S.K.: 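What follows is a single structure, and I will ask about it in a moment.
Everything numeric in this text was worked out from a predicted model, so none of it was measured.
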Amino acid sequence: TPAYLGANIKVRKDGGEGSDYNFSMNGFSGKHIRFFIDGVPMEGFGSEFKINNLPITMVDRIEVYKGVVPVEFGSDALGGVVNIITNKSKETKLDASFTTGSFNTYKSHVNISKTFNNGIVAQVNAFQNYSDNNYKVLVPIVDLNTGVYSKEKQWVKRFNDRFQSATVVAKVGVVDKSYADRLMLGFTYGEGKRGVQTGTIMDKVFGDKKRRSVTMMPSFEYSKKNLFLEGLDLSITSNYNGGYNQNIDTSSYKYNWAGERIKTLKQGESGGGPSMMKFYDHNGSTTFNVNYKLNDKHSFSFNDVMYYFNRKTEDPLAVKETQSEKNSEIKRNSFKNIMALSYRYNILENFNISLFGKHYSIKHTYQSETTKVDKTGYGLAATYLWKKFQVKASYENTFRLPTDSELFGDGDLVWGNTGLKPEQGKNFNLNLSYSGIVNEVHSVFVDAGFVYRDTKDYIRSNPYGSGSRANSVNIGGVESYGINVEARYTYNNLFYVGGSLTSQNIRSKQRYTIGDYGVENPYYNERIPNEPYFFGSADAGVIIKDLGKKNNNLNLGYNLRYIDHYSYDFQGIGADPIWIPSQAVHDISASYSLFNNKIHLTVEANNLFDKLAYDNYSFQKPGRNFMFKIRYTY
């Protein structure tokens, strides 16, 4: 079943299995949110290794940081951080699962770990995903000869959206040694293939366009507590991805949603000519963390993260005259470094305050032009506990550096913009929560939060070219504020119910289109498009213990996801808004565990009432679908 991540968080997908996703939290989305696995940035992990492709059985827990991000992550996130903690059992373990479901979907996962008496640890995680993604969508059909769209929408099947991936993660090392608590060497290999059904909006349809990707990533992990002296902890992680992505676009036909096609005068559905270009996006990161606890009152943390990126390309179909443009003679590289230092003062047992500073630098080169930027940020955070109540407040002046894909694009549907400026955010967060247990059977949790964001040089995706292309642009100032509430109740571990609501107002504050003076911006004070402003969720469940046999338990669950209508384009003066409609989607699930939790059987029915559901730029998501999963743990 889907992981519950809390209030003011929404995961939006562009379609079915393997599709791109957009993670929204506290008024920010997309690349404003950073993702980590075990504290390691996922920015260069490859397309197969994204959170929407990871098997849930690989995950021990998920940490979500909505306000100020701890300096241990060395992140330049404006909107928060999601850290996925994988299973690190020191015991010999076997965990295997198989899932099948609608749209010819199959998933499998095997996790094997072995710890020997001499402290050597070996771990293997292998997982695979496959889906035809041939669900139905309701769309207008364009006449390929006249270019005129039908007045009535029709139900048709997606026909070029097949997705498959396979990944193996192997690690070997030692634990609990005098010189290391954990020392691991790892290697990740992954392959992915997928059809590209649409451009940056659903009106643009492709029938033969494909993508392929390969990940080859060695990694290193080291951690030691009380190194040299009591209270001094050190951790180092490093990885390097030497794989590639390939865009295959050689068709001589133009398609519509009905699967009809006509011959065109040139190859390439995207309009840029035929291509089988490989992008060797070699990238890596190294994270260095030092924490020192001087005593119960004072502690310090230092973090340094270095990111490296270099792209080389080759295309066997490129014509001789343009070969130099498409080959590795064009320099595309960047180096980012983020250093952070924090001080924590425990004023009382129930009251602490943290001060921190960060230095951001980026140097990127495109062709012969090199750009270098240095920025400094700072902030503070405080927490106060009183009985069963907790108050948290934070403020930060922070920056987000443009990512490699924003600077250089993906060579296909996303074009780069090397002129992007770093975003600067002044962020304030206030949160009040209550958590308590009454009479040992009633558990209650209530949380309410307020967020305010003032962002300069805000970066957003900008689709253009009839939906066949997009790039990232700075749009000046953006102001946002929001409130979110969450409540959960559990009765004696037998029944639970909870829900959350979020209201956020994100508006453009760029008064002029050019500089500080000039043409009035027609979108001034309008809502930022493609950002929902009111949404919520609710879930409930019943646990029936000892059903059929002692320690056999049945968990029945229900989930509701609601989102109010919102526009996916600026409305402008006198323009008709382009709405993504309001949606309420219901899911139910049943999970039965037996043989002392060694075997789990799960059935899910998603979008139970087959409602039309949309997300980014009005991409339609699957209708009613079913999944069955079996999991074995030893």
S.K.: Go through the steps for Ser472 and Asn417 under the test side-chain hydrogen bond (donor to acceptor under 3.5 Å, both in side chains), then give the verdict.
M.R.: CA-CA 6 Å; Ser472 296; Asn417 181 0; over 6 Å; no

S.K.: Would you mind checking if Asp539 and Arg561 are paired as a salt bridge, meaning a charged N to carboxylate O distance below 4.0 Å?
M.R.: no

S.K.: Could you grab the distance from atom CG of Asn134 to atom CG of Asn104, nearest 0.5 Å is fine?
M.R.: 7.0 Å

S.K.: With rounding to the nearest 0.5 Å, note down the distance linking CG in Asn133 to OH in Tyr130.
M.R.: 9.5 Å

S.K.: At their closest point, which heavy atom of Phe159 faces which heavy atom of Gly207, and how far apart are they?
M.R.: CE1-CA, 3.7 Å

S.K.: Test side-chain hydrogen bond (donor to acceptor under 3.5 Å, both in side chains) on Asn310 and Lys331; report intermediate values, then the result.
M.R.: CA-CA 8 Å; Asn310 182 50; Lys331 289 185 177 180; over 6 Å; no

S.K.: Looking only at side chains, do Lys621 and Asn607 share a donor and an acceptor under 3.5 Å apart?
M.R.: no

S.K.: Would you confirm whether Asn145, through its side chain, and Asp143, through its main-chain N or O, come within 3.5 Å as a donor-acceptor pair?
M.R.: no

S.K.: Does the side chain of Ser108 come under 3.5 Å of the side chain of Gln128 through a donor N or O and an acceptor N or O?
M.R.: yes

S.K.: Quick one: pull up CG in Asn625 and CG in Asp587 and give me the separation to the nearest 0.5 Å.
M.R.: 8.0 Å

S.K.: Ignoring hydrogens and angles, tell me if any N or O in the side chain of Asp610 forms a donor-acceptor pair with the backbone of Arg624 under 3.5 Å.
M.R.: yes

S.K.: Checking Tyr135 against Phe103 for the ring pair (Phe, Tyr, Trp, His ring centres under 6.0 Å) test, could you report, in this order, the C-alpha distance in whole Å, the side-chain angles of both residues, the deciding distance, and whether it holds?
M.R.: CA-CA 6 Å; Tyr135 60 93; Phe103 319 122; 5.7 Å; yes

S.K.: Taking all non-hydrogen atoms of both residues, which atom of His586 and which atom of Ala584 are closest, and how far apart?
M.R.: CD2-O, 3.9 Å

S.K.: Quick one: closest heavy-atom pair of Gln583 and Ala613, and the distance?
M.R.: OE1-CA, 3.2 Å

S.K.: For the residue pair Ser270 / Asp249, report whether a side-chain donor-acceptor contact shorter than 3.5 Å exists.
M.R.: yes

S.K.: For Gly476, is there any backbone N or O sitting under 3.5 Å from a side-chain donor or acceptor partner on Asn474?
M.R.: no

S.K.: Check the pair Lys509 / Asn525 against side-chain hydrogen bond (donor to acceptor under 3.5 Å, both in side chains), numbers first and verdict last.
M.R.: CA-CA 5 Å; Lys509 293 299 179 178; Asn525 211 37; 2.4 Å; yes

S.K.: Which heavy atom of Val196 sits nearest to which heavy atom of Phe206, and what is that distance?
M.R.: O-CB, 3.1 Å

S.K.: Does the side chain of Asp208 pick up a donor-acceptor pair with the side chain of Tyr255 at under 3.5 Å?
M.R.: yes

S.K.: Side chains of Asn125 and His109: donor-acceptor distance under 3.5 Å anywhere?
M.R.: yes

S.K.: I want to check something: taking the side chain as every heavy atom from C-beta on, are Ser591 and Leu601 in contact at a cut-off of under 4.5 Å?
M.R.: no

S.K.: Applying the side-chain contact (heavy atoms from CB on, under 4.5 Å) test to Arg311, which of Tyr366, Phe279, Tyr280 qualifies?
M.R.: Phe279

S.K.: Verify, without hydrogens or angle tests, whether Asp315 (side chain) and Ser275 (backbone) share a donor-acceptor contact under 3.5 angstrom.
M.R.: no

S.K.: After noting the C-alpha distance and the side-chain angles of Arg507 and Asn505, does the key distance pass the side-chain hydrogen bond (donor to acceptor under 3.5 Å, both in side chains) rule?
M.R.: CA-CA 6 Å; Arg507 294 185 180 271; Asn505 195 354; 2.8 Å; yes

S.K.: Can you tell me how far apart NZ (Lys254) and NZ (Lys263) are? Round to the nearest 0.5 Å.
M.R.: 15.0 Å

S.K.: Kindly say whether His565 contributes a backbone atom to a donor-acceptor pair with the side chain of Tyr533 at under 3.5 angstrom?
M.R.: yes

S.K.: Would the distance check show the side chain of Ser97 and the main-chain N or O of Ile630 forming a donor-acceptor pair, the cut-off being under 3.5 Å?
M.R.: no

S.K.: Evaluate the ring planes of Phe309 and Phe408, with Trp represented by its six-membered ring, and classify them as parallel (under 30°), tilted (30 to 60°) or perpendicular (over 60°).
M.R.: parallel

S.K.: Any salt bridge between Glu406 and Arg460, counting N to O under 4.0 Å?
M.R.: no

S.K.: Please lay out, stage by stage, how Ile563 and Tyr614 fare under the test side chain to side chain contact (heavy atoms under 4.5 Å, CB included).
M.R.: CA-CA 10 Å; Ile563 180 171; Tyr614 301 89; over 6 Å; no

S.K.: With no hydrogens and no angle check, is any side-chain donor or acceptor of Asn256 less than 3.5 Å from a backbone partner on Arg261?
M.R.: no

S.K.: Donor-acceptor pair, Gln246 side chain versus Met276 backbone, under 3.5 Å?
M.R.: yes

S.K.: Is the side chain of Thr99 donor-acceptor paired with the backbone N or O of Tyr106 at a distance under 3.5 Å, no angle test?
M.R.: no

S.K.: What is the minimum heavy-atom distance between Ser405 and Val414, and which atoms define it?
M.R.: O-CG1, 4.3 Å

S.K.: Any side-chain to backbone donor/acceptor pair from Gln620 onto Leu138? Under 3.5 Å, distance only.
M.R.: yes

S.K.: Fit a plane to each ring of Tyr562 and Phe534, take the angle between them on a 0 to 90° scale, and name the class: parallel (under 30°), tilted (30 to 60°) or perpendicular (over 60°).
M.R.: perpendicular

S.K.: Taking the basic N atoms (NZ, or NE/NH1/NH2) and the acidic carboxylate oxygens, is any pair closer than 4.0 Å for Glu604 and Lys629?
M.R.: no

S.K.: Roughly how far, to the nearest 0.5 Å, is the CD1 atom of Ile37 from the CD1 atom of Ile84?
M.R.: 5.0 Å

S.K.: Nearest 0.5 Å, please: how far is CD1 in Ile506 from CD in Glu526?
M.R.: 14.0 Å

S.K.: Side chains of Thr264 and Ser252: any donor to acceptor distance under 3.5 Å?
M.R.: no

